[in-house]
Amino acid sequence: MFYLVVLIFVAYVSLESLGGIARFGGFSAGYISIGVSLQNQILSLNRFIGFMIAPLVGFYVDTGGTSDDVFKIGLIGGFFGGGVLILVFLWWGGFSSFFRNISIAFVEDGYGIKAIIRGSKAEINVIKHRLQNIRLNYFIAQFITTGLAMPSVFLLNIVAIKVPEYSATLLQMTTLISGFGNLILNFYTNPLVAVEESKLTREEAESSHKSIFLGKIFGMLLLSPVIICSSLLI
């Protein structure tokens, strides 16, 4: 169960990161709306995976898992998840080209399995671009969102074990923290990106998306461990 939770958490972190690249892939093909649709599909699938984590951690605790075990799961999952994010970032060009092909196939063949298969088989044309500049507003917003929301299930489970009289309240707060992260994403980051995609060049838009992605990486590798380690103060 220990390794299963770690594996699902790493999958949750890495799959979520593909949403922004899918959106950029649609944008680079000239089909912003398709990119947004692909992003929403990936995020919806990812939320389903994320919903599995809390019950699994709860079951693990109920069957003998200790607060130290949950602490280790959070740290190990966070570092492995951050490592996967780095690998995805390094192959940004390949993933964005893949989603670009999918977007084009949807337009030419219509939405369906046939278009997905065709787009998946299309040649991956990796176009390398430099990160022109780090957009600090995007970076900081995503740094906070990822660093707070991702490890919250582990932190709150640890605190619930140590403070059992408030366990129900603490575990319900996972939803609240996740909701706070979604507010930042859907009322600040995504709308701002949508406005800028309408007027920026491809290179400028890519810098914005990559700034968001870097915020995920640093949030996962720097802020997330701090959040989890704060449980040691209790």
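Quick note: numbers below take in every heavy atom, side chains included, and nothing from hydrogens, waters or symmetry partners.
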Which atom pair, heavy atoms only, marks the closest approach of [X] to [Y]?
X: Asn46; Y: Tyr12; result: OD1-O, 2.9 Å
X: Ser208; Y: Arg135; result: OG-NH1, 3.0 Å
X: Ile161; Y: Val70; result: CD1-CG2, 4.4 Å
X: Ser211; Y: Tyr138; result: CB-CB, 4.2 Å
X: Ser96; Y: Phe24; result: CB-CD2, 3.9 Å
X: Ala11; Y: Ser14; result: O-OG, 3.2 Å

Is [X] atom [atom1] crowded by more than 12 heavy atoms from other residues, nucleotides or ligands, each under 6.0 Å away?
X: Leu90; atom1: CG; result: yes
X: Phe59; atom1: CZ; result: no
X: Lys162; atom1: NZ; result: yes

Got [X] and [Y] here, is their nearest side-chain heavy-atom distance under 4.5 Å?
X: Tyr60; Y: Leu4; value: no
X: Phe154; Y: Ile227; value: no
X: Val193; Y: His209; value: yes
X: Thr145; Y: Tyr188; value: no
X: Ile212; Y: Lys216; value: yes
X: Phe106; Y: Leu38; value: yes

Quick one: do [X] and [Y] end up in the same hydrophobic cluster if we chain Ile, Leu, Val, Met, Phe, Trp and Tyr together by side-chain heavy atoms under 4.5 Å apart?
X: Leu155; Y: Ile8; result: yes
X: Met220; Y: Leu43; result: no
X: Val5; Y: Leu7; result: no
X: Val226; Y: Val153; result: no
X: Ile228; Y: Ile217; result: yes

Residue pair Lys210, Phe89: steps toward the side-chain contact (heavy atoms from CB on, under 4.5 Å) verdict: CA-CA 8 Å; Lys210 285 186 174 180; Phe89 184 78; 3.9 Å; yes
Mind checking the [atom1]-[atom2] spacing from [X] to [Y]? Nearest 0.5 Å is all I need.
X: Ile140; Y: Ile144; atom1: CD1; atom2: CD1; value: 7.0 Å
X: Leu45; Y: Leu15; atom1: CG; atom2: CG; value: 5.0 Å
X: Gln39; Y: Leu18; atom1: CD; atom2: CG; value: 11.0 Å
X: Ile42; Y: Arg23; atom1: CD1; atom2: CZ; value: 12.0 Å
X: Asn101; Y: Phe98; atom1: CG; atom2: CZ; value: 8.0 Å

Without swapping roles, check the side chain of [X] against the backbone of [Y] for a donor-acceptor pair under 3.5 Å.
X: Ser97; Y: Gly94; answer: no
X: Thr146; Y: Phe143; answer: no
X: Asp69; Y: Thr66; answer: yes
X: Ser37; Y: Ser33; answer: no

Where does the angle between the aromatic ring planes of Phe213 and Trp92 fall among parallel (under 30°), tilted (30 to 60°) and perpendicular (over 60°)? perpendicular
Would Phe218 and Gln142 count as a side-chain contact (heavy atoms from CB on, under 4.5 Å) here? Give the steps. CA-CA 9 Å; Phe218 282 89; Gln142 194 62 53; over 6 Å; no
Got a list of side-chain donor-acceptor pairs under 3.5 Å for residues 71-88, not counting sequence neighbours?
none

